[in-house]
Amino acid sequence: MANEKRAALSRSIQERGKLVIAYSGGVDSGLLLLLACDLLGTDKVYAVTLSSSLLPQREVAAIERFVKERGVRHQFVPFPWQTNEAFIRNPQERCYYCKREMARLLYQIAAVEGITTVAEGVTASDYEEYRPGLRAATEAGVWHPLAEAGLTKREVRELAADMGLPFAAKPASPCLATRLEYGERLTTEKLERIESAETFLHDLGFTQVRVRLHRGGVARIEVNKNELDAFCEPMLRERVSRGLKALGFSYVTLDLEGYRSGSMATSLSPFR
């Protein structure tokens with residue numbers, strides 16, 4: 001079934017002819033980008049990464065290396081989220097306001113390049129989660145070819161593995177704003193603190209990490225379920241507690257359910 005979906009995806013990309021692709025450095029947008037370059041040629045594909053403190057900086061070097069190795073036309077574009085008060089307030093519709101501005105910037109770049117289609121790596125699985133940003137992207141006319149072909153996140157990873165792509169098993173690393181409790185005002189300082197905490201945990205050997213910031217300076221750590229047992233070691237717990245408190249967190253907690261995507265939306269009853 002995934003091969004049939006890939007064939008449908010390939011046909012739709014060829015029909016578009018030229019694309020601007022929002023490239024985040026993740027598996028979904030990476031697969032879309034490389035498939036488009038293979039089908040259309042690198043001269044007809046323009047990858048854009050919106051750069052700001054919302055993007056984990058460990059991704060930047062990886063993105064630069066990847067596009068250089070693959071010969072992809074690419075541009076980092078500053079994303080001034082600090083000027084968007086509706087986004088900074090961090091309401092439940094936060095991603096709607098962010099995505100609306102992102103789409104505007106992407107279409108400006110597309111116009112300069114003489115390209116009419118802006119695409120991003122949204123999958124069919126994304127429509128099963130609370131994603132207000134999808135509504136803003138749809139309103140702006142952003143194309144979601146992976147979802148249109150019916151490809152799920154699992155199938156995208158399978159296709160990436162079949163194509164021999166090195167990032168097929170790469171852990172997801174979404175926008176850092178997703179780590180803050182709704183209503184907790186977004187600041188550069190908070191984002192940098194969260195990123196430093198996640199880098200600290202990655203350096204300790206954890207593969208999938210989220211540090212969720214709750215009111216009162218509470219850090220809620222999520223790691224893969226198979227890595228939870230590491231915290232049975234008292235010395236590790238002490239090291240993590242000291243490390244995160246040194247970064248400015250008041251309390252450090254471990255989520256016993258482990259990592260799960262979208263855990264900040266748990267309290268949003270219409271989506272549970």
Side-chain angles (χ1 to χ4, degrees), residues 2 6 9-10 13-14 16 18-79 81 98-99 102-103 105-106 109-110 112-113 115 117-123 125-126 133 137 142-147 149 151-178 191 195 198-199 201-203 206-210 261:
R6 176 180 175 178
L9 172 63
S10 297
I13 289 173
Q14 289 173 315
R16 296 282 174 154
K18 293 182 179 180
L19 294 175
V20 163
I21 294 178
Y23 178 51
S24 66
V27 178
D28 303 332
S29 60
L31 174 76
L32 176 60
L33 176 59
L34 289 189
L35 192 55
C37 287
D38 288 346
L39 292 168
L40 303 175
T42 54
D43 61 318
K44 292 185 173 64
V45 179
Y46 197 70
V48 177
T49 302
L50 297 179
S51 178
S52 74
S53 51
L54 297 171
L55 175 69
Q57 292 306 296
R58 61 181 175 275
E59 296 290 329
V60 173
I63 290 172
E64 291 176 333
R65 183 170 59 251
F66 176 76
V67 296
K68 183 177 181 180
E69 290 174 352
R70 298 285 176 161
V72 175
R73 292 198 305 147
H74 173 266
Q75 180 182 0
F76 281 106
V77 176
F79 180 55
W81 62 267
C98 180
K99 186 68 73 173
M102 291 174 70
L105 289 174
L106 290 168
I109 295 165
V112 171
E113 293 295 317
I115 299 174
T117 302
V118 172
E120 62 177 352
V122 170
T123 72
S125 301
D126 292 316
V142 176
W143 185 40
H144 298 147
L146 301 177
L151 285 162
T152 64
K153 285 192 176 296
R154 178 181 58 79
E155 290 171 329
V156 166
R157 287 188 180 274
E158 290 173 354
L159 282 179
D162 290 343
M163 292 170 65
L165 302 181
F167 53 73
K170 181 181 179 181
S173 183
C175 162
L176 287 168
T178 61
L191 296 173
E195 182 173 11
E198 292 188 353
T199 297
L201 290 165
H202 279 298
D203 289 344
F206 293 99
T207 57
Q208 182 71 281
V209 171
R210 294 290 184 274
S261 176

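- Taking OG from Ser24 and CG from Leu50, the interatomic distance works out to 10.0 Å, rounded to the nearest 0.5 Å.
- With rounding to the nearest 0.5 angstrom, the NE2 atom of His144 is 8.5 Å from the CG atom of Asp126.
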request  = Tell me, with the steps shown, if Thr199 and Glu195 meet side chain to side chain contact (heavy atoms under 4.5 Å, CB included).
outcome  = CA-CA 6 Å; Thr199 297; Glu195 182 173 11; 4.2 Å; yes
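- Screening His74, Glu64, Gln75 against Thr49 for a side-chain hydrogen bond (donor to acceptor under 3.5 Å, both in side chains) leaves a single residue, His74.
- Between atom CZ of residue Arg73 and atom NZ of residue Lys44 there is a gap of 10.0 Å, rounded to the nearest 0.5 Å.
- For the pair Leu191/Trp81, a side-chain contact is recorded, criterion being any heavy-atom separation below 4.5 Å from C-beta on.
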inquiry  = For Glu198 and Ser173: C-alpha separation, side-chain torsions, deciding distance, then whether side chain to side chain contact (heavy atoms under 4.5 Å, CB included) applies.
reply    = CA-CA 11 Å; Glu198 292 188 353; Ser173 183; 5.9 Å; no
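- Proximity of a side-chain donor or acceptor of Gln57 to a complementary backbone N or O of Leu55 within less than 3.5 Å is detected.
- Residues Lys153 and Asp28 meet the side-chain proximity criterion, which asks for heavy atoms closer than 4.5 Å.
- Nearest heavy atom pair, residue Val27 against residue Ala160, reads CG1-CB, 4.4 Å.
- In terms of modelled atom types and a separation under 3.5 Å, the side chain of Glu59 and the main chain of Pro56 share no donor-acceptor contact.
- Between the side chains of Gln208 and Arg210, a donor-acceptor pair is found at a separation under 3.5 Å.
- Contact check for Leu151 versus Thr123: no side-chain heavy atoms found under the 4.5 Å cut-off.
- The minimum heavy-atom distance between Leu106 and Ala22, with the atom names listed, is CD1-CB, 3.9 Å.
- Phe79 meets the ring pair (Phe, Tyr, Trp, His ring centres under 6.0 Å) test with no other residue; sequence neighbours excluded.
- The side-chain heavy atoms of Trp143 and Ile13, taken from C-beta on, include a pair separated by under 4.5 Å.
- Taking the side chain as every heavy atom from C-beta outward, Val45 and Leu33 approach each other to under 4.5 Å.
- Using a 4.5 Å heavy-atom threshold, the side chains of Leu176 and Ser53 count as separate.
- For the atom pair CD1 of Ile115 and CZ of Arg16, the computed distance is 13.0 Å after rounding to the nearest 0.5 Å.
- In this structure, the ring pair (Phe, Tyr, Trp, His ring centres under 6.0 Å) partners of Tyr23, at least two apart in sequence or on a different chain, are Phe66.
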task = Start with the C-alpha gap between Cys37 and Arg70, add the side-chain angles, then the distance that decides, and say whether side chain to side chain contact (heavy atoms under 4.5 Å, CB included) holds.
result = CA-CA 9 Å; Cys37 287; Arg70 298 285 176 161; over 6 Å; no
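- Within the 4.5 Å cutoff, side-chain heavy atoms of Leu40 are placed close to those of Leu19.
- Separating the CG atom in Leu32 from the CD1 atom in Ile21 is a distance of 4.0 Å, to the nearest 0.5 Å.
- Note that CG of Leu35 and CG of Leu159 are 8.5 Å apart. Values are rounded to the nearest 0.5 Å.
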query = Could you go step by step and tell me if Arg58 and His202 meet the side chain to side chain contact (heavy atoms under 4.5 Å, CB included) rule?
reply = CA-CA 11 Å; Arg58 61 181 175 275; His202 279 298; 3.7 Å; yes
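- Smallest separation of non-hydrogen atoms from Val118 and Ala110: CG2-CB, 3.9 Å.
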